[in-house]
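Worksheet for the structure shown next.
All residue numbers in this chain count up from 1 along the given sequence. In what follows, every heavy atom counts, from backbone to side chain, and hydrogens, waters and symmetry copies are set aside. Order of listing sets the numbers, starting from 1, for every ligand and every atom in it.
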Amino acid sequence: MTHQPQAKYRKDYMAPEFTITDIDLIFDLYDEDSKITATSKVIKKGDSSTLTLDGEHMQLAGITINGVEWSAYEVTQTQLHIHDLPDEFELCIVTQVNPSTNTALEGLYKSGGAFCTQCEAEGFRRITYFLDRPDVLAKYTTTVIADKKENPFLLSNGNRIAEGELDNGRHWVKWSDPHPKPSYLFALVAGQFDVLRDQFTTKSGRTVDLEIYVDQGNLDRAPHAMTSLINAMKWDEERFGFEYDLDIYMIVAVDFFNMGAMENKGLNVFNSKYVLANDQTATDSDYLGIESVIGHEYFHNWTGNRITCRDWFQLSLKEGLTVFRDQEFSSDLGSRAVNRINNVRIIRGPQFAEDASPMSHPIRPEKVIEMNNFYTLTVYEKGSEVIRMIHTLLGEDGFQKGMKLYVERHDGTAATCDDFVAAMEEGSGVDLTQFRLWYSQSGTPQVTAQTQYDAEAKTFTLHLTQKTDATLDQPQKQALHIPMNVELYAPNGEVLPMVIDGQEVGNVLDFTQHQQSFVFENVEVEPILSLLREFSAPVKLEYQCKDEDLVFLMNQARNEFARWDAGQTLLAKYLRQNIQAWKTNTELSLPQSVLDAFKGILLSETLEPAFIAEMLTLPSQNEVAGWFKPVDVDAIAESLSFIKRSIAAELVDELTAIYHSLKQEQYTVEHAAIGQRSLRNVCLSYLAVTDEGESLVVAQYDTANNMTDTMAAMSAANQAQLACRETLMKDFSDKWSHDGLVMDKWFMLQGTNPAQNALTVIKETMSHPAFSLKNPNRTRSLVGAFFAQNPVNFHAVDGSGYQFASEILHTLNESNPQVASRLIDPLLKYRQYDEVRQGLIRAELEKLATLDNLAKDLYEKITKALEA
Ligand code: TRP
Ligand code: ZN
């Protein structure tokens, strides 16, 4: 690296020396040379008469102050310093940028034929020089000028206030956003689209125009997004009392986008993956993903936009809270248990892995080099778990009281996580003093539980200990306030009242010390303990529980999550045993009692199909990898495959019967229908490894009338390496190669292909006409899936996977550092592998570290990984 990037620290926050209250923007759009004129009203707040603005990757064409040409300034690579300024003035800056060569997809760029912007976190500084920080809130007016034929739609935030034609085939539209906002919420889109329109009437009777902009020809894929938006608007009024605050809400779907979607005020920009769906192109999980992301971005209007973040260290203030809100939205509309299970899988798999990696950070980070590196599972998903714990401690009522106070105090301002916790605490009257540590402490607490029954005294004692291992960023750890949700059952299935010190207590225990014991009284028989119900805290739990007790809980716990979790614990025990057996060359085995327990679940007539499907789904290879150090990828794969084949062989008749009984003639996207397909396709994934596999999979592929069933057949063929795989893959690619989004599913199957020659095929696949490294979705589907979800091949001991990764990262470091930085994550965790692999990965990281033009994004992660 030529010069070392500088870190920023949370503790160094300082209010800005100047503020900008109003900004008028004029965009004169051309593919290669767009001109931006920014006129701001600036007010001095501090002592300095020098204003320092952020700006990079653009040309400065002129500055005036109060209409007078100004020459007292300097420009560096990243800043503009303007000197000798009065206390209040009008600043006009003209800049020029090239949207068509902007492959980083930050600032103003072209996605396909359309102009669009991405400003979060620090992209606005690639459009004009500005105080590009979230605590500077300004009112925006924006005029967009472009060629009318190529760009019939010219969009920006707020309301359309004027428009007109120019004589050279160009036209313009002027927008005004009445709500002051930080620069990261600015957006502009210009292009040619088809529009789906609808309306929503708010609870106070205002009519809002809803518009979804999609590429021409895609209108038939927009209705589900519209339905989801209307559901989100209604839900936010009912559950949180939040009403929309503009006359228009626009969503634009674009094909080139670094993340899922962006909550720009009144003008969301979405990755087309989270908008476009019909039954021929999208799977059930695509439909559910769209509902959740549409909800997420809509919910940001209050948690993010009306109340924004003081600085980027507070990101979880808006993201953790908004993820919590979108999870609640999905749970209220669909199955709460299934949603909870899938959220917990993400925490126990990839989030725990991140927290054990060199990138471990608290949900409110202390030190950042590149902000884009902190849009993480920790900030988002663990952040949401922290909000959920507050919800658990306060109850829905107390939580809503806290939210109300939070909005009363902070609406229209930039707030901090501390502000939020203070409002929740004061609104509800619940003390959160120790709880605040969840915001500043990184790493995953390890909780150990032991129990003791005293038949004479009729007491049942629960001993708990908690310990958080040191992380790279933080050597010392303290005891956290862990809400521990528990329940006691009598062997006959009865729920026992929980009495401590003569008082009946609720299910949630306050576990606040390093070691703590809870003595339950009047317990007549030795009870069965259900622990960490609802996954009431994001911790690793160790509790030696008898198989019979787990089977009891699988069948009798009155809460579905607890039943699923007992099943997972049972599977985990035998996965571990078989991993050990494989390593020591002993025979793999699974007791009949375990097989019988899963048979009982499969045949249950009271459980919902969607839930049975979750019960029968094994933990992912990555989640299992998180239990070991060093990780033996082959042993894990063998053990998972053995358990799968054992269950399939034992239950083949039942699986077959259920598979056939669940066939549906019509495709509908209702929750009951989704659940039935989900169970049917889980059955297929087991049957695929039996003698019937080949014929069932081919028949399903041939007769499927929807993408869910098509993909289930393909995935089963891929995972079980069936002979039909090649034929199905070819047929699918012939049919869909014109459609990148659909081909992503196919690329993903190539990326996760367990076959030994997978890497060779992947390299060939990179020249498939639908593939491009310039497109983040394509890159993630093929290459990203190989790095993160094909452990056996990626970690091939000849180092071929690592070498390939290094080449790809080298290329992406230049074209799109943000995408490069997400792809590199599996390499950062090299210390979890054996010494040979550690050496191979380290060598690749060291090579990357010497690149002359290493982007800040990769620099930050590689340095941490190498110093670890
Ligand atoms: N705020 C967006 C969300 O959570 C995240 C996002 C979208 C983003 N695009 C981005 C973050 C680009 C960083 C860079 O929904
Ligand atoms: Zn968000």
Side-chain angles (χ1 to χ4, degrees), residues 102-109 111 116-127 132-134 157 181-189 225 228-229 232 236 251-275 289-309 312-330 346 363 365 368-384 387 776-777 780 816-823 855-857 860:
N102 181 353
T103 55
L105 315 182
E106 280 184 276
L108 177 65
Y109 66 94
S111 169
C116 75
T117 58
Q118 172 54 42
C119 293
E120 188 176 7
E122 298 178 330
F124 193 73
R125 64 186 63 186
R126 295 170 184 234
I127 291 173
D132 191 14
R133 44 188 290 168
N157 318 86
K181 64 169 176 287
S183 50
Y184 82 87
L185 290 174
F186 169 80
L188 166 157
V189 171
S228 302
L229 175 59
D236 213 15
I251 289 174
V252 185
V254 301
D255 289 330
F256 287 74
F257 202 70
N258 282 344
M259 308 264 285
M262 181 62 214
E263 70 264 25
N264 317 300
K265 185 80 189 190
L267 177 57
N268 290 181
V269 178
F270 270 62
N271 186 326
S272 53
K273 171 182 165 61
Y274 291 110
V275 175
I290 289 169
E291 177 180 88
S292 120
V293 178
I294 294 262
H296 181 97
E297 305 312 329
Y298 176 72
F299 303 142
H300 268 314
N301 191 55
W302 279 92
T303 51
N305 301 3
R306 293 287 293 244
I307 305 179
T308 193
C309 301
W312 288 120
F313 297 101
Q314 318 296 326
L315 181 62
S316 203
L317 173 70
K318 75 176 176 83
E319 295 304 346
L321 180 54
T322 304
V323 171
F324 172 78
R325 277 154 50 68
D326 84 52
Q327 290 176 352
E328 284 299 292
F329 170 56
S330 297
I346 292 175
I363 64 165
V368 167
I369 291 178
E370 169 52 62
M371 191 52 214
N372 285 331
N373 281 342
F374 289 84
Y375 289 77
T376 58
L377 290 155
T378 300
V379 167
Y380 277 64
E381 308 298 324
K382 185 177 177 183
S384 167
I387 303 294
N777 288 0
R780 283 187 284 255
N816 190 331
Q818 214 180 317
V819 168
S821 192
R822 288 188 169 264
L823 290 189
K856 281 204 287 179
D857 316 54
E860 179 169 40

Is ligand 1 under 4.0 Å from a heavy atom in the side chain of V293, in the backbone, in both, or in neither?
-> neither
Report the part of Q818 in contact with ligand 1, treating N, CA, C, O as backbone and CB onward as side chain, heavy atoms under 4.0 Å; options are side chain, backbone, both, neither.
-> side chain
Note, V269 side chain near F257 side chain (heavy atom, < 4.5 Å) = yes
For ligand 1, which atoms have a heavy atom of K318 less than 4.0 angstrom away?
-> 1 (N)
Distance col, row S111:OG vs D255:CG, nearest 0.5 angstrom, shows 5.5 Å
Quick one: which ligand 1 atoms are inside 4.0 Å of a heavy atom on N372?
-> 13 (C), 14 (C)
Classify the contact between E120 and ligand 1 as side chain, backbone, both or neither, using a heavy-atom distance cut-off of under 4.0 Å.
-> both
Taking the non-hydrogen atoms of E106, is any one of them nearer than 4.0 angstrom to ligand 1?
-> no
Is the F329-F299 ring centre distance short of 6.0 angstrom?
-> yes
The atom name of the N, O or S atom in E319 nearest to the Zn ion (ligand 2) is OE1
Knowing that exactly one of N373, N816, N372, D857 qualifies, which makes a side-chain hydrogen bond (donor to acceptor under 3.5 Å, both in side chains) with S821?
-> N373
Begin from the C-alpha positions of K265 and N301 and carry the test side chain to side chain donor-acceptor pair (under 3.5 Å) through to its verdict.
-> CA-CA 7 Å; K265 185 80 189 190; N301 191 55; 2.9 Å; yes
Assess E263: does it contribute an N, O or S atom lying under 2.8 Å from the Zn ion (ligand 2)?
-> no
Looking at E297, which atoms of ligand 1 are within less than 4.0 Å of one of its heavy atoms?
-> 3 (C), 15 (O)
Backbone N or O of A187 within a donor-acceptor pair of the N157 side chain at under 3.5 Å?
-> yes
In ligand 1, the atoms that come under 4.0 Å of a heavy atom of Q118 are 9 (N), 10 (C), 12 (C)
Angle class for the Y380/Y375 ring planes (parallel below 30°, perpendicular above 60°, tilted otherwise)?
-> tilted
Evaluate the side-chain proximity of L185 to E263: yes if any heavy-atom separation is below 4.5 Å, no if none is.
-> yes
Give the single entry among F270, F299, Y380, Y375 that approaches atom 3 (C) of ligand 1 most closely by any heavy atom.
-> Y380
Proximal atoms of ligand 1 relative to E263 (non-hydrogen, under 4.0 Å) | 1 (N), 2 (C), 3 (C), 15 (O)
Is the closest side-chain heavy-atom distance between E106 and T117 below 4.5 Å?
-> no
Name, closest N/O/S atom of H300 to the Zn ion (ligand 2) | NE2
Would you say ligand 1 has an N or O under 3.5 Å from any N or O of A261?
-> yes
